Amino acid sequence: MKRINRIADKALSKLVGKSTAKASCVPYWEYYCSFNPAVCTGGHARYRRYITVDCTACCTQHVGCC
């Protein structure tokens, strides 16, 4: 059940581009798209960020366009 919830949280995070708040997280890289016409002509830039053990995000990097 815990694994299913974690997978659902990750899927939701990718859809909305935000991490979820939980007591503890398994560290992972999260990819998401964000509206940014200044960076990408299509309007959406693709980013990745590292979700840490305490569920905070760090190290956001631009990795392309969506």
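Quick note: numbers below take in every heavy atom, side chains included, and nothing from hydrogens, waters or symmetry partners. One-based numbering along the sequence shown. Please read all numbers here as calculations on a predicted model, not as lab measurements.
Annotation: the span from Tyr32 atom OH to Thr60 atom OG1 amounts to 4.5 Å, rounded to 0.5 Å. The OH atom of Tyr28 lies 8.0 Å from the CZ atom of Arg49; values are rounded to the nearest 0.5 Å.
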**OP:** Under the disulfide bond (SG atoms under 2.5 Å apart) rule, what do Cys40 and Cys66 come out as? Steps first, then yes or no, please.
**Re:** CA-CA 8 Å; Cys40 292; Cys66 297; over 6 Å; no
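Formation of a donor-acceptor pair under 3.5 Å by the His62 side chain with backbone atoms of Gly64 is found in this model.
The minimum heavy-atom distance linking Tyr50 with Pro27 is given by the pair OH-CB, 2.9 Å.
Tyr47 and Phe35 are assigned to two separate hydrophobic clusters, defined by single-linkage of ILVMFWY side chains at heavy-atom distances under 4.5 Å.
Looking at Thr52 and Cys58, their side chains come closer than 4.5 Å, going by heavy atoms from C-beta outward.
Side-chain contact check for Asn36 and Ser34: no donor-acceptor pair (N or O, by modelled atom type) lies under 3.5 Å.
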